Amino acid sequence: MASICLRNRFLCTFVFIFFGFLGLITSPAEAAIKKYQFDVQVKNVSRLCHAKPIVTVNGRFPGPTIYVREGDRLQINVTNHAQYNMSIHWHGLKQYRNGWADGPAYVTQCPIQTGSSYTYDFNVTGQRGTLWWHAHILWLRATVYGAIVIMPKQGTPFPFAQPYRETKIILGEWWNVDVETFVNKANSLGLPPNSSDAHTINGKPGPLFPCSEKHTFAMEVEQGKTYLLRIINAALNDELFFAIAGHNLTVVEVDALYTKPFTTQAILIAPGQTTNVLVKANQASGRYFMAARPFMDAPVPVDNKTATAIFQYRGVPNTVLPSLPQLPNPNDTSFALSYNKKLRSLNSPNFPANVPLKVDRKLFYTIGFGKESCPSCINGTRFVASLNNISFEMPQVGLLQAHYFNLKGVFKTDFPDRPSTVFNYTGAPLTANLGTSTGTRLSKIAFNSTVELVLQDTNLLTVESHPFHLHGYNFFVVGNGIGNFDPAKDPAKYNLVDPVERNTVGVPTGGWTAIRFRADNPGVWFIHCHLELHTGWGLKTAFVVEDGPGSDQSVLPPPKDLPPC
């Protein structure tokens with residue numbers, strides 16, 4: 001099946017939908033081993049009247065979709081033919097005890113060097129829904145990304161009406177110039193890199209851009225039928241609104257976790273997040289634009305252009321002009337806050353929300369920007385980003401290897417549970433010398449302990465929204481708010497009944513978000529802002545979750561083909 005998927009995604013989609021229906025009436029089958037071959041290779045691609053070589057998987061942009069069923073085992077052999085070192089992250093897969101398959105370079109592995117291969121071998125246990133994969137080194141995920149579709153176990157229906165068909169909608173960004181070249185140049189000058197030249201839907205910007213008539217994604221629908229859209233935000237630096245003209249969207253899942261269904265005219269989706277929606281083709285037969293454009297409610301420049309694709313009723317000629325949806329305003333904070341409040345766990349008997357009610361470890365991390373001396377830079381300084389005023393320094397060997405083999409001098413486990421200095425985090429902008437330190441400092445977490453982490457945005461240089469991703473775990477978003485977190489009053493407002501569960505969460509501009517999880521997955525797990533710009537500036541750290549006492553509660557031995565450092 002994997003080889004069919006690589007050759008013909010439409011056939012593969014049909015086959016998996018067919019088996020999805022078949023699974024409702026057949027007995028459960030043995031777990032399967034699904035094998036994929038990923039060849040990382042450079043290919044010339046043209047968009048917006050510009051052609052350039054890009055790094056791809058199997059020559060495709062976006063890359064191939066991985067289809068798998070809950071309970072299956074995946075073996076994905078990645079062979080690197082490109083000039084860059086490569087690693088691939090399977091975003092949202094828990095990788096229980098098996099951080100070796102997680103993928104972030106210099107965290108759980110050293111990268112796959114040019115001419116080398118590595119097989120990511122892992123089980124898909126207790127998860128179903130839409131996730132995605134992407135490069136996790138440099139800015140290569142600008143073009144190296146694709147979808148992961150996990151079908152429920154055979155005999156297990158969706159907890160919502162079975163859709164007629166399903167389609168993947170992968171939102172991305174496009175630059176006309178070589179991404180690695182301009183990022184390196186910007187870093188050497190101490191400047192932020194340029195915003196992208198376009199947003200894309202399934203790799204295509206749509207007809208509002210030059211030379212893009214043939215670079216437009218279209219999906220054909222039948223009157224009266226219901227469709228499942230698996231929406232992924234693979235953009236590097238932009239939270240995005242998405243809507244379909246004239247049609248409501250019913251949200252049923254985020255980050256491969258079912259939600260209480262609710263209907264909305266638009267969704268908000270941050271980099272790293274996925275959202276499944278149902279849409280019914282119940283309007284007058286015609287052509288309707290699907291559209292995506294950024295949300296930004298801070299004084300930060302973004303690519304504010306709109307990507308479009310076409311939602312086209314069967315039998316309607318291509319000469320009919322599509323209508324555009326009414327997207328929220330780019331700085332519509334109230335929509336963002338109210339939308340996120342509507343997200344609730346399904347919390348049904350089959351899919352309970354096991355929220356930790358007792359907390360063993362409370363963490364409070366401030367998010368900030370700063371500047372450090374850079375004599376060769378234009379202004380003599382360059383930007384850094386920090387958690388608790390510590391900008392993370394990447395090691396030259398994998399943190400998981402250092403932990404597993406007890407290598408000394410690679411990292412320290414003294415990351416502070418709270419900032420050393422308490423201040424008015426979201427008050428007037430602070431631009432003085434902030435004394436940001438750098439280091440490879442991690443936080444050690446006891447196995448099976450319950451953790452509450454409050455992420456607090458600050459006005460160190462500027463406030464901004466930050467989507468944070470925790471590897472190896474899902475977590476419950478028990479609270480959020482604008483302004484400074486108040487430990488005396490805010491926890492009383494937490495939702496501990498049906499908070500949304502996910503793997504990537506937005507910290508609101510000038511506000512805070514509280515998450516809870518049980519640390520039952522031993523290993524070294526990266527936590528970072530999923531805006532590539534901020535990650536590169538140091539807005540990241542990692543948790544070292546200790547082994548448990550049981551024989552099945554410790555990190556598995558590394559695979560024999562783990563890339564050397």
Side-chain angles (χ1 to χ4, degrees), residues 8-25 65 67 129-130 147 149 151-152 157-171 200-208 212-232 240-253 258-267 269 274-293 306-328 342:
N8 191 326
R9 65 181 178 189
F10 300 107
L11 175 60
C12 198
T13 302
F14 168 77
V15 168
F16 269 86
I17 293 171
F18 172 74
F19 277 111
F21 283 113
L22 199 63
L24 302 180
I25 56 173
T65 298
Y67 291 96
T130 305
V149 174
M151 297 300 293
F158 294 131
F160 46 82
Q162 186 78 28
Y164 175 63
R165 292 251 170 89
E166 61 177 61
T167 299
K168 299 176 300 294
I169 301 289
I170 310 181
L171 310 175
T200 57
I201 298 176
N202 293 341
K204 299 173 179 180
L208 303 186
S212 294
E213 292 79 6
K214 66 177 181 178
H215 296 307
T216 300
F217 174 74
M219 67 174 286
E220 185 179 79
V221 298
E222 291 184 36
Q223 183 68 245
K225 304 288 190 185
T226 298
Y227 295 81
L228 176 68
L229 304 187
R230 299 179 180 271
I231 306 167
I232 298 164
L240 295 166
F241 294 118
F242 174 86
I244 304 176
H247 294 73
N248 287 329
L249 308 174
T250 300
V251 177
V252 293
E253 177 198 301
Y258 296 131
T259 64
K260 287 185 169 67
F262 69 93
T263 300
T264 180
Q265 288 187 319
I267 69 163
I269 184 166
T274 69
T275 304
N276 281 10
V277 302
L278 296 173
V279 57
K280 189 162 188 177
N282 58 2
Q283 299 300 304
S285 289
R287 300 171 82 225
Y288 298 84
F289 271 133
M290 300 184 271
R293 81 164 175 227
T306 303
T308 53
I310 296 174
F311 190 80
Q312 181 160 340
Y313 283 71
R314 177 172 288 179
V316 173
N318 291 347
T319 51
V320 174
L321 289 176
S323 53
L324 271 169
Q326 278 291 108
L327 288 165
K342 293 174 188 171

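Please read these numbers as outputs of a predicted model, since none were measured by experiment.
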- Message: What verdict does the side-chain contact (heavy atoms from CB on, under 4.5 Å) test give for Met219 and Tyr227, after you've listed the backbone C-alpha separation in whole Å, the side-chain angles of each residue and the deciding distance to 0.1 Å?
- Response: CA-CA 10 Å; Met219 67 174 286; Tyr227 295 81; 4.1 Å; yes
- Should Ile244 and Leu229 be marked as a side-chain contact (heavy atoms from CB on, under 4.5 Å) after you check the CA-CA gap, both sets of side-chain angles, and the distance that decides it? CA-CA 11 Å; Ile244 304 176; Leu229 304 187; 3.8 Å; yes
- Evaluate the criterion side-chain contact (heavy atoms from CB on, under 4.5 Å) for residue pair Glu166 and Arg230; output intermediate values, then yes/no. CA-CA 7 Å; Glu166 61 177 61; Arg230 299 179 180 271; 2.9 Å; yes
- Item | Evaluation steps, side-chain contact (heavy atoms from CB on, under 4.5 Å), between Thr167 and Phe217 | CA-CA 11 Å; Thr167 299; Phe217 174 74; 3.7 Å; yes
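Taking Phe311 as the reference, His247 meet the ring-ring contact (aromatic ring centres under 6.0 Å, His included) condition, with sequence neighbours excluded. Checked against side-chain contact (heavy atoms from CB on, under 4.5 Å), Pro207 has the following partners two or more places apart in sequence or in another chain: Thr216, Phe289, Thr308. Every side-chain hydrogen bond (donor to acceptor under 3.5 Å, both in side chains) that Lys260 has, sequence neighbours left out, goes to Asp498. Listed by chain and residue number, nothing satisfies the ring-ring contact (aromatic ring centres under 6.0 Å, His included) test with Phe242 (two or more places apart in sequence, or in another chain). For Lys342, the salt bridge (charged side-chain N to carboxylate O under 4.0 Å, His left out) test picks out no residue, with sequence neighbours left out.
When all heavy atoms of Ala245 and Ser323 are compared, the closest pair comes out as CB-O, 3.2 Å. Closest of all the heavy-atom pairs between Ala243 and Leu327 is CB-CD2, 3.6 Å. In plain terms, the two heavy atoms of Ile232 and Ala147 that are nearest each other are CD1-CB, 3.5 Å. The two residues Gly286 and Val316 come nearest to each other via the heavy atoms N-CG2, 3.6 Å.
The side chain to side chain donor-acceptor pair (under 3.5 Å) test with Thr130 singles out one residue from Asn276, Thr275, Thr274, and that residue is Asn276. Just one residue in the list Ile310, Ile231, Ile169 forms a side chain to side chain contact (heavy atoms under 4.5 Å, CB included) with Ile201, and that residue is Ile169.
Judged purely by atom type and a 3.5 angstrom limit, Thr259 has no side-chain atom pairing as donor or acceptor with the backbone of Pro261. Side-chain N or O atoms of Asn202 include one that pairs as donor or acceptor with a backbone N or O of Lys168 at under 3.5 Å.
Within 6.0 Å of CD on Gln283 lie more than 12 heavy atoms contributed by other residues, nucleotides or ligands. Few gaps surround CD on Gln223; more than 12 heavy atoms of other groups in view lie less than 6.0 Å from it.
If you take OG1 on Thr306 and CZ on Phe241, they are separated by 11.5 Å, rounding to the nearest 0.5 Å. For the atom pair CD of Glu213 and NZ of Lys204, the computed distance is 13.0 Å after rounding to the nearest 0.5 Å.
For the salt bridge (Lys or Arg N to Asp or Glu O under 4.0 Å) condition, the pairs that include at least one residue of residues 309-318, sequence neighbours left out, are Glu220-Arg314, Glu222-Arg314.
With contacts defined as side-chain heavy-atom distances shorter than 4.5 Å, the pair Pro205/His215 qualifies. Counting heavy atoms from C-beta outward, Leu278 and Leu228 have side chains that approach closer than 4.5 Å. Within the 4.5 Å cutoff, the side chain of Asn248 has no heavy atoms near those of the Lys280 side chain. Side-chain contact between Tyr164 and Thr226 is absent, with no heavy atoms from C-beta onward closer than 4.5 Å.
Side-chain rings of Tyr288 and Tyr313 approach one another, their centers coming within less than 6.0 Å.
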